[in-house]
Amino acid sequence: LRRSPGEVCFPGGKSEAIDKDEIDTALREAKEEVGLQPEKVEVICRLVPGIDKMNHLVTPVVGFIEDTFQAVPNPDEVSDVFVVPLEYFIKPLNYKALPYKTSSGYLSWMHCFTYDDRERKKSFKIWGLTAHFAVLLALVIFGERPTFEVDYDLDNLMSSAENNFMNLYASLHDRKKSNL
């Protein structure tokens, strides 16, 4: 809650010396933040990385867990835990796209979802990199066109996602060079 308080995000964080790779980092952070035991995760893959608003490289790790998992949020790091069906990120009930310019000047669209958890009578705003990764994963899993526009060639999804990332990274790199 010290960093980005009130924002919705997946479990995760900075790597530590004990982590051998991004998967170790993701599993350690999920255990620390929501009590998910690493042995209860079947890691499937890493997705194309993204760059957060602080210009840190973020590599999403995808895995399967039992649907009976009950999160135990660490109150020092997490204020709430909720579940959204993955299909919501291609067929949302409440969606808008906002123009977004990165600190490096790269222009794109930011996905913004509002998810109403009727059971708990709460709404959650999911946007930014969290929404970006959720949309990309939903596109990969379902293989169908979403009800909104995306910056991907859906016939070549992964290479399109990689190209988008490389363009973003290049614009960030160029900006850093110009500030020297």
Side-chain angles (χ1 to χ4, degrees), residues 3-4 7-16 19-30 33 41-65 83-115 124-180:
R3 201 168 147 242
S4 303
E7 291 184 14
V8 170
C9 63
F10 292 112
K14 290 178 77 170
S15 64
E16 295 183 1
D19 301 332
K20 65 180 185 228
D21 58 18
E22 297 95 344
I23 294 171
D24 270 4
T25 301
L27 294 174
R28 179 184 49 76
E29 288 284 344
E33 293 178 11
V41 180
E42 181 185 350
V43 174
I44 303 304
C45 68
R46 297 175 193 143
L47 290 179
V48 175
I51 298 174
D52 72 8
K53 61 187 172 191
M54 302 301 291
N55 294 328
H56 296 119
L57 183 69
V58 179
T59 303
V61 174
V62 179
F64 290 125
I65 62 173
V83 175
V84 180
L86 186 58
E87 190 175 34
Y88 192 79
F89 296 102
I90 56 171
K91 296 177 184 174
L93 298 176
N94 191 338
Y95 171 84
K96 63 183 169 185
L98 300 174
Y100 172 68
K101 193 174 195 176
T102 67
S103 62
S104 62
Y106 184 75
L107 188 59
S108 187
W109 290 94
M110 182 181 348
H111 303 292
C112 298
F113 301 88
T114 301
Y115 179 72
F124 298 95
K125 184 177 179 185
I126 305 163
W127 60 284
L129 201 55
T130 301
H132 168 79
F133 288 144
V135 168
L136 181 58
L137 181 60
L139 292 171
V140 168
I141 296 295
F142 296 110
E144 60 184 77
R145 192 163 297 282
T147 59
F148 51 89
E149 291 296 316
V150 290
D151 286 339
Y152 298 115
D153 172 356
L154 297 176
D155 294 325
N156 298 298
L157 181 59
M158 291 318 290
S159 82
S160 174
E162 290 168 353
N163 287 337
N164 288 354
F165 169 73
M166 293 307 290
N167 289 336
L168 175 60
Y169 181 81
S171 68
L172 179 64
H173 185 270
D174 289 346
R175 168 117 189 239
K176 280 185 178 178
K177 280 186 3 190
S178 71
N179 287 338
L180 294 177

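Along the sequence shown, the residues carry numbers beginning at 1.
Distance CZ/Phe142 to CD/Glu87: 5.0 Å, rounded to 0.5 Å. Taking CG of Leu154 as the start and OG of Ser160 as the end, the distance is 7.5 Å to the nearest 0.5 Å. If you take OH on Tyr88 and OG1 on Thr114, they are separated by 6.5 Å, rounding to the nearest 0.5 Å. Atom NZ of Lys20 and atom OG of Ser15 lie 14.0 Å apart (nearest 0.5 Å). Going from atom CD1 of Ile126 over to atom CZ of Phe10 covers 8.0 Å, rounded to the nearest 0.5 Å. In this structure, the separation between CD1 on Ile44 and CZ on Phe64 is 4.5 Å, given to the nearest 0.5 Å.
Between Ser159 and Asp153, the closest side-chain pair of non-hydrogen atoms is not below 4.5 Å. Two residues are said to be in side-chain contact when any heavy atoms from C-beta on lie closer than 4.5 Å; Phe148 and Trp109 fail this criterion. Phe133 has its side chain out of reach of Cys9: every pair of non-hydrogen atoms, C-beta onward, lies at least 4.5 Å apart. Between Phe89 and Leu137, the closest side-chain pair of non-hydrogen atoms is not below 4.5 Å. Put simply, the side chain of Asn164 does not reach to within 4.5 Å of the side chain of Leu168, judged on heavy atoms. Between Phe165 and Leu57 there is a side-chain heavy-atom pair separated by less than 4.5 Å. The side-chain heavy atoms of Lys14 and His56, taken from C-beta on, include no pair separated by under 4.5 Å. Put simply, the side chain of Val62 does not reach to within 4.5 Å of the side chain of Val140, judged on heavy atoms.
Thr25 and Asp19 are linked by a side-chain donor-acceptor pair at a separation below 3.5 angstrom, with hydrogens and angles left out of the test.
Residues Ala30 and Pro11 approach most closely at CA-CB, 3.9 Å, considering heavy atoms. In terms of heavy atoms, Val61 sits closest to Glu22 at CG2-O, 3.8 Å.
More than 12 heavy-atom neighbours from other residues, nucleotides or ligands sit within 6.0 angstrom of CZ on Arg46.
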Show your reasoning for whether side chain to side chain contact (heavy atoms under 4.5 Å, CB included) applies to Leu157 and Leu136.
CA-CA 9 Å; Leu157 181 59; Leu136 181 58; 4.1 Å; yes
May I have the step-by-step check of side chain to side chain contact (heavy atoms under 4.5 Å, CB included) for Val48 and Met158, ending in yes or no?
CA-CA 8 Å; Val48 175; Met158 291 318 290; 3.6 Å; yes
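With sequence neighbours left out, the salt bridge (Lys or Arg N to Asp or Glu O under 4.0 Å) criterion links Glu16 to Arg28. A search for salt bridge (Lys or Arg N to Asp or Glu O under 4.0 Å) contacts involving Asp151 returns nothing, not counting sequence neighbours. Listed by chain and number, the residues in a salt bridge (Lys or Arg N to Asp or Glu O under 4.0 Å) with Asp24 amount to none (sequence neighbours excluded).
The aromatic rings of Tyr95 and His111 sit tilted relative to each other, their planes meeting at an angle between 30° and 60°.
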